[in-house]
2 protein chains.
Amino acid sequence: MAKTYSIRQLTKEMGVTSRTLRHYEDEGLLSPERQGLARIYSQRDRARLQLILRGRRVGFSLAEIREILDLYNAEDHGVAQFQHSRKKFAERIVALEAQRKDIDESIAELKLAVERADNFLAEHHAAQNPPRVKMTGYSVMPAAE
Amino acid sequence: MAKTYSIRQLTKEMGVTSRTLRHYEDEGLLSPERQGLARIYSQRDRARLQLILRGRRVGFSLAEIREILDLYNAEDHGVAQFQHSRKKFAERIVALEAQRKDIDESIAELKLAVERADNFLAEHHAAQNPPRVKMTGYSVMPAAE
DNA sequence: GCCTCCGTTTACGCGAACGTCAAGATGAGT
DNA sequence: ACTCATCTTGACGTTCGCGTAAACGGAGGC
């Protein structure tokens, strides 16, 4: 028999609440089997959940995630549908690459900020009780553009 | 005289509405000067706005952005404050790097999906009117884990 | 004087993504 | 049979990030 999961198991493993899983079900992102009332999650459900959560972490809305999942999930497609899917996927890729650029830039800026803090702390390590200090040189903002 | 911007100019340049700028001001993210009632945005305001918008694109909440901006912006810090800032910045960097990993994985998966679509379309290009086709091999989901 | 922009404040509204009760079903253990 | 944990289905509440009127204030052109 294929391995299955209770709702509790899955919430603990994935770090979400049961409410979240039910919400995803309401939104059509998951559709676990039932044993009576209880939900029984399959490996496939678990895999979908992982995709959903990663989608969320990269900023997709649940509606967007559902769309992607539907495109993946289709069992019965014509050529036109495949072309449509391909196009959608390609669009997502472009958006994600732009987002990665934003992230890289943010990281670079934060690293600069860390460096400046380190410099400051190094300077004022020997000095005892530096009572108050004005920011030197670099103004309030990192250089824009 | 340093260059300044009206609210309209800034909205057009940045692709946001005036409501958004006022909202950021309400939230303490911007504080443009005034000429009477009218807002006058400086270069610094513009730079901050760019940071805000990029922050939003990478998934920061306005509260988080304000915190980062405040850390940047402080004019008068003690050693303890600098240490605190440094720590916060470092945490953000770690989070962003994790996020970049998620993005890279998402991109990789979407590229696979595009490839599969291309394969399908190549196969069924010569064939006329492929009426209906079942997904072959790869199941509903990409391999989990 | 009046129109037309561009700007302002105040404030209610909204969709997304859940949180948070309330009230009950179901099975396992004693 | 009783308790207990774990599940269920509503259904209203909350936070965030603005959208969207409503109502008004100058400044410039005709």
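Sequence lines set the chain letters: A, B, ... in the order given, protein chains first and strands last, and positions in each chain run from 1.
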Any chance CD of B:Glu33 has more than 12 other-residue heavy atoms, nucleotides or ligands included, within less than 6.0 Å? no
Residue whose nearest DNA chain C nucleotide is more 5′ - B:Lys12 or B:Arg34: B:Lys12
Solution key, residues 55-62 of chain A side-chain donor-acceptor pairs under 3.5 Å, sequence neighbours excluded:
| residue | atom | partner | partner atom | Å |
| --- | --- | --- | --- | --- |
| A:Arg57 | NE | B:Asp102 | OD2 | 2.6 |
| A:Arg57 | NH2 | B:Asp102 | OD1 | 3.0 |
| A:Ser61 | OG | A:Ala63 | N | 3.4 |
| A:Ser61 | OG | A:Glu64 | N | 3.1 |
| A:Ser61 | OG | A:Glu64 | OE1 | 3.4 |

Answer yes or no: is there a side-chain heavy-atom contact under 4.5 Å between [X] and [Y]?
X	Y	answer
B:Leu51	B:Ile68	no
A:Thr11	A:Thr17	no
A:Tyr24	A:Val16	no
A:Leu21	A:Glu25	no

B:Tyr5 and B:Gln9 have their tightest heavy-atom pair at CA-OE1, 3.5 Å
Taking all non-hydrogen atoms of both residues, which atom of B:Phe120 and which atom of A:Gly78 are closest, and how far apart? CE2-O, 4.5 Å
How would you list, by chain and number, every residue that makes a ring-ring contact (aromatic ring centres under 6.0 Å, His included) with B:Phe89, sequence neighbours excluded? B:Tyr72
Every protein N/O lying under 3.5 Å from an N/O of nucleotides 24-29 of chain C:
none

Please tabulate the protein-to-nucleotide N/O contacts below 3.5 Å involving nucleotides 16-18 of chain C, giving atom names and distances.
| residue | atom | partner | partner atom | Å |
| --- | --- | --- | --- | --- |
| C:dA17 | OP1 | A:Leu62 | N | 2.8 |
| C:dC18 | OP2 | A:Tyr24 | OH | 2.8 |
| C:dC18 | OP2 | A:Arg56 | NH1 | 3.4 |

For B:Ser6 and C:dC6, is the shortest distance between a side-chain N/O and OP1 or OP2 below 4.0 Å? no
Short side-chain N/O contact to C:dG7 OP1/OP2 from B:Arg39, under 4.0 Å: no
For chain A, the stretch of DNA chain D it reaches, first to last nucleotide, under 4.0 Å of its heavy atoms: D:dC7 to D:dA11
A:Arg22 CZ to C:dG19 P, in whole Å, measures 11 Å
Of all residues at least two apart in sequence or in a different chain, which pass the side-chain contact (heavy atoms from CB on, under 4.5 Å) check with B:Ser42? B:Arg44, B:Asp45
